[in-house]
Asker: 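Supplied in structure tokens, the structure appears directly below.
For the numbers below, each heavy atom of this structure counts, side chains included, while hydrogens, waters and symmetry mates do not. Nothing fancy with the numbering, it's 1 onward along the sequence. Both ligands and their constituent atoms are indexed starting at 1 by order of listing.
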Amino acid sequence: MKIVIDPGHGGHDPGAVANGLKEKDLTLTIVKHIGRLLGEYEGAEVFYTRTDDRYLSLEERATIANKLKADLLISVHINAGGGTGFESYVYNGNVSAATVAYQNVIHAEIMKAIDGVKDRGKKRANYAVLRETKMPAILTENLFIDNANDVAKLKSEQFLLQVAHGHVQGIVKAFDLKKKANSTPSQPQQKVSDKKLYRVQVGAFANRENAERLVEELKKKGYPAIVV
Ligand SMILES: [Zn+2]
């Protein structure tokens, strides 16, 4: 499966800007998490439209996916303009049954991963990146950069990871991807040599609650974790 992941905006186009955050940075962070997490699955070939802070037109993004003959394009955005929560889009013209099915499962998995966030629903729109792509294409609007509650979440590295995790779980379900047998990239690595102990830090938080939450997350996954 060829999967193109597209961080919205970039370069001279910051996207929505508010509260010290830029949409183009958040989308790139989320997409990099998605790509890394997808790397743990067999048969998922991941392509990025951009991996750094550069401008690409919507047509260029669609062309990248079309040339690759990708099986799916996911474009990641942050919302603005008053509101709260998560919504997803497919093209409002003719779309394949697969497109609708993928939107259903990916939307549901993201909502599961960001429990407590308002579900604004599955929508359709005439967005160029959706219209000009020849394969199923989905655009996600991940919370509002100009809403205080949403911004508190968007400022949390752990939350952005959860958003990415939801996208990945959706893609995994949509394409029935299987974990690589030897996949342990998210496992903390400890190397003991000459009585030196290399510890792995996975997060630093101003708010203890966020640290506790990450510890719970890690423990669920079987890693011993403590707050220092
Ligand atoms: Zn956007």
Side-chain angles (χ1 to χ4, degrees), residues 3-35 46-66 70 72-93 95 99 102-103 106-107 109-111 113-114 117-133 135-157 159-168 170-171:
I3 297 157
V4 175
I5 41 180
D6 174 44
H9 310 276
H12 66 75
D13 166 24
V17 179
N19 298 301
L21 297 177
K22 290 183 186 140
E23 180 180 0
K24 67 173 182 178
D25 299 328
L26 294 169
T27 60
L28 186 57
T29 300
I30 293 167
V31 159
K32 282 186 172 172
H33 283 315
I34 293 174
V46 178
F47 301 88
Y48 301 80
T49 53
R50 68 177 178 98
T51 54
D52 55 15
D53 184 18
R54 71 177 65 200
Y55 176 78
L56 283 165
S57 71
L58 298 173
E59 287 70 21
E60 283 173 300
R61 295 166 199 261
T63 300
I64 289 170
N66 289 339
L72 176 71
L73 174 131
I74 292 205
S75 189
V76 174
H77 289 254
I78 310 295
N79 225 331
T84 177
F86 172 82
E87 61 195 22
S88 66
Y89 287 88
V90 295
Y91 178 46
N92 65 359
V95 293
T99 304
Y102 295 161
Q103 183 187 22
I106 291 168
H107 185 104
E109 289 301 317
I110 293 169
M111 283 313 305
I114 54 174
V117 168
K118 183 182 176 182
D119 186 349
R120 301 171 59 84
K122 288 167 277 187
K123 302 184 174 181
R124 288 176 168 232
N126 185 15
Y127 292 152
V129 76
L130 301 177
R131 185 185 62 239
E132 304 298 331
T133 35
M135 74 294 306
I138 295 161
L139 184 146
T140 61
E141 290 280 4
N142 302 276
L143 286 74
F144 283 69
I145 204 165
D146 53 1
N147 173 287
N149 282 331
D150 284 13
V151 163
K153 291 190 170 79
L154 292 171
K155 283 188 172 171
S156 153
E157 190 59 31
F159 182 80
L160 299 182
L161 195 52
Q162 281 169 233
V163 170
H165 177 72
H167 282 72
V168 170
I171 294 165

Asker: Take T63 and E60, measure what side-chain hydrogen bond (donor to acceptor under 3.5 Å, both in side chains) needs, and give me the verdict at the end.
Answerer: CA-CA 5 Å; T63 300; E60 283 173 300; over 6 Å; no

Asker: From the N, O or S atoms in E23, identify the one nearest to the Zn ion (ligand 1).
Answerer: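 Of the nitrogen, oxygen and sulfur atoms in E23, the Zn ion (ligand 1) lies nearest to OE2.
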
Asker: Provide the atom name of the closest N, O or S atom of H77 relative to the Zn ion (ligand 1).
Answerer: ND1

Asker: For the Zn ion (ligand 1), decide whether E141 has an N, O or S atom at a distance under 2.8 Å.
Answerer: no

Asker: List the steps, then state whether ring pair (Phe, Tyr, Trp, His ring centres under 6.0 Å) holds for Y89 with Y127.
Answerer: CA-CA 9 Å; Y89 287 88; Y127 292 152; 5.1 Å; yes

Asker: Going by the rule ring-ring contact (aromatic ring centres under 6.0 Å, His included), which residues pair with H167 if we only count those two or more places apart in sequence or in a different chain?
Answerer: none

Asker: Quick one, F47 and I64 - any side-chain contact, counting heavy atoms below 4.5 Å?
Answerer: no

